[in-house]
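A, B, ... follow the sequence lines: proteins, then strands. Residue 1 opens every chain.
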Amino acid sequence: MTRRRKSILRSRWRRSLRRFAVTLLFVLVGSGLWYSQERAYRDSLSWMGVPTWERLSPLTLHRVLRNDGFLVGWSDVRVNPLWVSYWLHEVDGVSIGARPGFRRDWRTLWPVAPDSYFGSGYDRGHLAPNYAIAAVHGAGAQHDTFLMSNLTPQRPDLNRRLWQRLEEVVIDHFVPRFAAVQVITGPVFAERFLDGVRRRVGLVEVPEAFYKIIVVPAETSRVLAFLMPQDVQGDEPLDDFLVSVDVIAARTGLDFFPQLPESAAGSLEGEVVTDGWALESVSRLPGRFE
DNA sequence: TTTAATGT
């Protein structure tokens, strides 16, 4: 090879190296911007960090789907949301649109169609609720609550009665009482893996129970947590189902407030404190669809 | 204005 040819090759090589460096720079800066914006958005929708796994396993692994007004921790193994997280605050002059239709979410790996629960005896139960999300976050957010990634198989007596009563108490009583609350809610699955493999509606695993954690973020933060099994009558007092956050963390393998300092976590997550929630006046309120 | 959802 001639000297001239060698030097041409060398300068080509340099040019492509330069191009690669510039591209890499753009990718790094671009993804850095994306990452910091994404993190800022996630943080704005959660208190003390987005829920994550306490123990990492195929059963706690999930990815965060970002919706208008709420986040979903989606598991392609359970084919279920493991948690949803959203803020609720006071609004006046509430008027919401009609319920939109259920829609497939194309971000999920396995297809979950609006008719996937057909004939199963299970309702398509909302995790981020239609009414409260629509009232606080508007029509776009309401639309997103009808994505199948926000739904999970729920027994009608739970979905339409006990769970509906709890959702109503949160938006109509707790929110006015505390001005703003953070809610994290999701399913609880069978302890034994094989039970979960067997109990499915199509591809979707059927939860055994559901939790709802309500936080009042203030200097003296306050938390209330419920754990409700599928198998309920629907007219039970809500406070029959109170548990500590630790119980839910143990059952789900999730860490709900990863940024909460250890010192605060102990009492906030380990105890059931009902002072100030006025549960006696809301626990037995009747449902709308008795 | 009106909180759930089902072969309505």
Side-chain angles (χ1 to χ4, degrees), chain A residues 67-70 80-81 84-105 112-178 180-187 201-202 204 206-207 209-212 214 224 226 228-238 241 277-279 281-290:
Chain A
N67 290 320
D68 200 355
F70 66 103
N80 262 271
V84 306
S85 174
Y86 53 93
W87 284 103
L88 296 176
H89 55 77
E90 279 184 290
V91 283
D92 31 48
V94 171
S95 77
I96 70 161
R99 290 166 68 98
F102 293 96
R103 282 149 51 228
R104 160 123 197 236
D105 188 338
V112 184
D115 62 0
S116 289
Y117 299 6
F118 180 88
S120 68
Y122 289 96
D123 278 4
R124 294 172 289 190
H126 279 77
L127 286 181
N130 165 49
Y131 176 81
I133 292 284
V136 175
H137 298 284
Q142 177 183 26
H143 211 237
D144 285 354
T145 67
F146 281 81
L147 287 167
M148 291 307 289
S149 54
N150 181 47
L151 296 152
T152 179
Q154 261 183 343
R155 282 277 177 219
D157 282 339
L158 177 63
N159 185 36
R160 306 177 193 186
R161 305 186 76 201
L162 189 68
W163 194 257
Q164 186 279 326
R165 287 167 52 214
L166 178 57
E167 288 179 341
E168 182 162 333
V169 164
V170 171
I171 186 66
D172 287 348
H173 295 271
F174 295 158
V175 169
R177 189 173 191 84
F178 299 113
V181 299
Q182 158 81 192
V183 183
I184 304 174
T185 192
V201 169
V204 178
V206 177
F210 298 88
Y211 66 86
K212 194 182 288 287
I214 304 142
L224 206 61
F226 295 88
M228 295 179 166
Q230 290 271 24
D231 179 23
V232 293
Q233 293 277 322
D235 54 0
E236 297 90 339
L238 297 178
F241 300 94
W277 293 88
L279 290 181
S281 65
V282 296
S283 261
R284 291 166 190 276
L285 288 175
R288 280 173 186 264
F289 313 103
E290 302 289 310

Would you list the atom pairs, donor with acceptor, under 3.5 Å between side chains in residues 84-92 of chain A and any protein atom, with sequence neighbours excluded?
unit_1 : atom_1 : unit_2 : atom_2 : d
A:S85  : OG     : A:L45  : O      : 3.1
A:S85  : OG     : A:Q182 : OE1    : 2.7
A:W87  : NE1    : A:S44  : O      : 2.9

Problem - By side chain to side chain contact (heavy atoms under 4.5 Å, CB included) - contacts of A:V232 (at least two apart) - result: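 Only A:L158, A:L162, A:P229, A:E236, A:F241 meet the side chain to side chain contact (heavy atoms under 4.5 Å, CB included) criterion with A:V232.
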Handout entry: Counterpart residues, side chain to side chain contact (heavy atoms under 4.5 Å, CB included), relative to A:S149 (two or more places apart)
Key =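 Applying side chain to side chain contact (heavy atoms under 4.5 Å, CB included) to A:S149 gives A:L65, A:W74, A:D105, A:R107, A:T108, A:L147.
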Completion exercise
Readout for nucleotides 1-8 of chain B: B = base within 4.0 Å of protein heavy atom, S = sugar-phosphate only, - = neither; 5' to 3' it is SBBBBSB-
Exercise for the section: With sequence neighbours excluded, tell me which residues meet ring pair (Phe, Tyr, Trp, His ring centres under 6.0 Å) with A:F146. Expected result: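 Applying ring pair (Phe, Tyr, Trp, His ring centres under 6.0 Å) to A:F146 gives A:F102, A:H126.
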Handout entry: Residues forming a ring pair (Phe, Tyr, Trp, His ring centres under 6.0 Å) with A:Y211, sequence neighbours excluded
Key =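 Applying ring pair (Phe, Tyr, Trp, His ring centres under 6.0 Å) to A:Y211 gives A:F256.
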Exercise for the section: Can you tell me, in whole Å, how much space there is between the C1' of B:dG7 and that of B:dT3? Expected result: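 B:dG7 and B:dT3 have their C1' atoms separated by 25 Å.
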